[in-house]
Novice: 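My questions all concern the structure below.
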Amino acid sequence: MAYTINNLKDNSNVVIKEQLGGFTVIEYKEDLSSTTLLEAQTNFFMSKSNMRNKQLMIELSNSEVMLSAGAMQYMIGNIEMTSGVKGVGGLMRNIVSSAVTGTTAIKPLYKGTGTILLETTYKYLWLIDVDNDHIVIDDGMFLACESTLDIAVTARKNASSAVLGGEGLFNLSAKGKGILALEAPIPSEEAVVIELQNDVLKVDGNFALMWSNSLDFTVEKSGKTRMGSAASGEGLVNVYRGTGMVWLAPLIQYKNSLFQANPTS
């Protein structure tokens, strides 16, 4: 039986993973479209590895959202799409922003009443309620947000440290109040959230997915002396200092090192 967009949530092959405001993350239990043995084998092993197609559904009620360019799959209702760019100056700022953050220059706005379905993905979809906060997002994670949030480019406070830390000089940030949807490499329950209260977090690697803009980021030697750093085997570490939060993906570091050690596996 086929399902209309209005009762998609009742589809027996669909699981509602998370819902926040008009944003809903749906997950398909299995891929039912296999037509060859190879496709069937691939789908079987992907399902056993918890690799399932996910999709973000956004329901608008006389409201407006911003999407990553090319993210929309289909929509129904009285919805208008605009480029979200104000004049030539706005386009130039977006082009510069895309060049330094690795994101698309145009982030279209969708306004009206209806339902939008975004492209399916095997990555994990996070819904975050940004409540009068300012958070920095790792490159490539932005998917969608309510237009009440200000999405802008944030420069590192310490350029030399950013280069040494492997985090880049610029990142997108979300400021204000509204719902933010991210496409992440890990499920949200696998993330480790560190809350700092005038404290210091030292991280050996660039596996921070998000962090509060209020934190100062630097790259420092793990020990007080070169000899101490060499003895610890850590060398340079990324340091987040101040009051705020950091979301870490520690298993990403392990997976990366595992595949580098076994490139053919």
Side-chain angles (χ1 to χ4, degrees), residues 8-9 11-32 42-59 65 67-68 70-73 102-103 116-131 133 135-146 149 151 166-167 171-174 178-196 201 203-212 238 240 244-262 265:
L8 177 63
K9 296 178 183 178
N11 189 330
S12 60
N13 194 40
V14 165
V15 175
I16 305 300
K17 297 296 290 184
E18 188 177 2
Q19 196 162 9
L20 185 61
F23 289 60
T24 302
V25 176
I26 62 177
E27 181 179 271
Y28 295 90
K29 295 179 182 178
E30 55 183 327
D31 189 341
L32 304 174
T42 301
N43 288 337
F44 174 80
F45 286 111
M46 290 176 72
S47 176
K48 291 299 182 182
S49 300
N50 199 35
M51 288 184 63
R52 295 183 175 86
N53 259 314
K54 304 164 194 70
Q55 195 167 25
L56 180 63
M57 180 166 69
I58 304 176
E59 296 168 284
V65 294
L67 304 185
S68 177
M72 192 275 289
Q73 188 182 65
T103 62
I116 306 173
L117 269 295
L118 277 63
E119 293 284 356
T120 59
T121 177
Y122 283 108
K123 290 186 177 181
Y124 297 91
L125 303 180
W126 293 10
L127 299 182
I128 300 171
D129 186 7
V130 182
D131 188 7
D133 204 349
I135 59 175
V136 183
I137 311 162
D138 198 25
D139 293 344
M141 288 182 60
F142 175 81
L143 183 60
C145 72
E146 292 181 310
L149 283 174
I151 302 298
E167 295 283 4
N171 290 92
L172 284 182
S173 69
I179 298 172
L180 173 67
L182 301 177
E183 196 174 23
I186 63 169
S188 57
E189 58 267 27
E190 192 175 288
V192 176
V193 182
I194 309 294
E195 186 170 357
L196 301 176
L201 171 67
V203 180
D204 180 24
N206 56 336
F207 52 93
L209 300 181
M210 297 188 301
W211 53 93
S212 299
N238 292 347
Y240 298 85
M245 302 177 71
V246 183
W247 287 258
L248 299 177
L251 291 186
I252 290 294
Q253 188 84 342
Y254 167 73
K255 291 174 184 176
N256 289 341
S257 62
L258 182 66
F259 287 124
Q260 289 172 359
N262 300 280
S265 60

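Index from 1, following the sequence. No experiment lies behind these values; they were computed from the predicted model shown.
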Novice: Between Ile135 and Met210, which heavy-atom pair has the shortest distance, and what is it?
Specialist: CD1-SD, 4.1 Å
Novice: Once you round to the nearest 0.5 Å, how far does CG of Leu143 lie from CD of Glu119?
Specialist: 10.5 Å
Novice: Do side-chain atoms of Lys123 reach the backbone of Leu182 as a donor and acceptor pair under 3.5 angstrom?
Specialist: no
Novice: Can you list the residues that meet the salt bridge (Lys or Arg N to Asp or Glu O under 4.0 Å) rule with Glu59, with sequence neighbours excluded?
Specialist: Lys9
Novice: Test side chain to side chain contact (heavy atoms under 4.5 Å, CB included) on Leu125 and Glu183 and set out the steps.
Specialist: CA-CA 5 Å; Leu125 303 180; Glu183 196 174 23; 4.1 Å; yes
Novice: How far does CD1 of Ile16 sit from CE of Met57, to the nearest 0.5 angstrom?
Specialist: 6.0 Å
Novice: Does the pair Leu248 and Leu209 meet the rule for a side chain to side chain contact (heavy atoms under 4.5 Å, CB included), with working shown?
Specialist: CA-CA 6 Å; Leu248 299 177; Leu209 300 181; over 6 Å; no
Novice: Roughly how far, to the nearest 0.5 Å, is the OG1 atom of Thr24 from the CD atom of Gln19?
Specialist: 3.5 Å
Novice: Identify the heavy atoms of Ala208 and Tyr240 that sit nearest to each other, and give their distance.
Specialist: CB-OH, 3.4 Å
Novice: Taking the side chain from Ser49 and the backbone from Met51, do they hold a donor-acceptor pair closer than 3.5 Å?
Specialist: no
Novice: Counting only N and O atoms by type, is there a donor-acceptor contact under 3.5 Å from the side chain of Arg52 to the main-chain atoms of Tyr28?
Specialist: no
Novice: Provide the closest heavy-atom pair for Ile186 versus Ala249 in the form atom of the first, atom of the second, distance.
Specialist: CD1-CB, 3.5 Å
Novice: For Trp247 and Ile137, indicate whether the former's side chain and the latter's backbone hold a donor-acceptor pair under 3.5 Å.
Specialist: no
Novice: Taking all non-hydrogen atoms of both residues, which atom of Ser188 and which atom of Trp126 are closest, and how far apart?
Specialist: N-NE1, 3.2 Å
Novice: Just wondering, do Pro250 and Phe207 contact through their side chains at under 4.5 Å, heavy atoms?
Specialist: yes
Novice: After noting the C-alpha distance and the side-chain angles of Trp211 and Asn171, does the key distance pass the side chain to side chain contact (heavy atoms under 4.5 Å, CB included) rule?
Specialist: CA-CA 11 Å; Trp211 53 93; Asn171 290 92; 4.0 Å; yes
Novice: Could you tell me if Thr120 and Gln55 have a donor-acceptor pair between their side chains, going purely by distance under 3.5 Å?
Specialist: no
Novice: Just by distance, do the side chain of Asn13 and the backbone of Glu30 share a donor-acceptor pair under 3.5 Å?
Specialist: yes
Novice: Which value, rounded to the nearest 0.5 Å, describes the distance between Glu27 atom CD and Lys54 atom NZ?
Specialist: 5.0 Å
Novice: Report, as yes or no, whether the 6.0 Å neighbourhood of atom OH on Tyr122 holds more than 12 heavy atoms from other residues, nucleotides or ligands.
Specialist: yes
Novice: Taking the side chain as every heavy atom from C-beta outward, state whether Leu180 and Phe142 have any atom pair closer than 4.5 Å.
Specialist: yes
Novice: Please tell me if the side chains of Val246 and Val203 come closer than 4.5 Å, counting only heavy atoms from C-beta onward.
Specialist: no
Novice: Not counting sequence neighbours, which residues clear side chain to side chain contact (heavy atoms under 4.5 Å, CB included) with Ile179? List them please.
Specialist: Leu20, Phe23, Glu146
Novice: The test is side chain to side chain contact (heavy atoms under 4.5 Å, CB included); show your working for Leu56 and Leu127 and say whether it passes.
Specialist: CA-CA 10 Å; Leu56 180 63; Leu127 299 182; 4.0 Å; yes
Novice: Answer whether the closest heavy-atom distance between the side chains of Val15 and Lys17 falls below 4.5 Å.
Specialist: yes
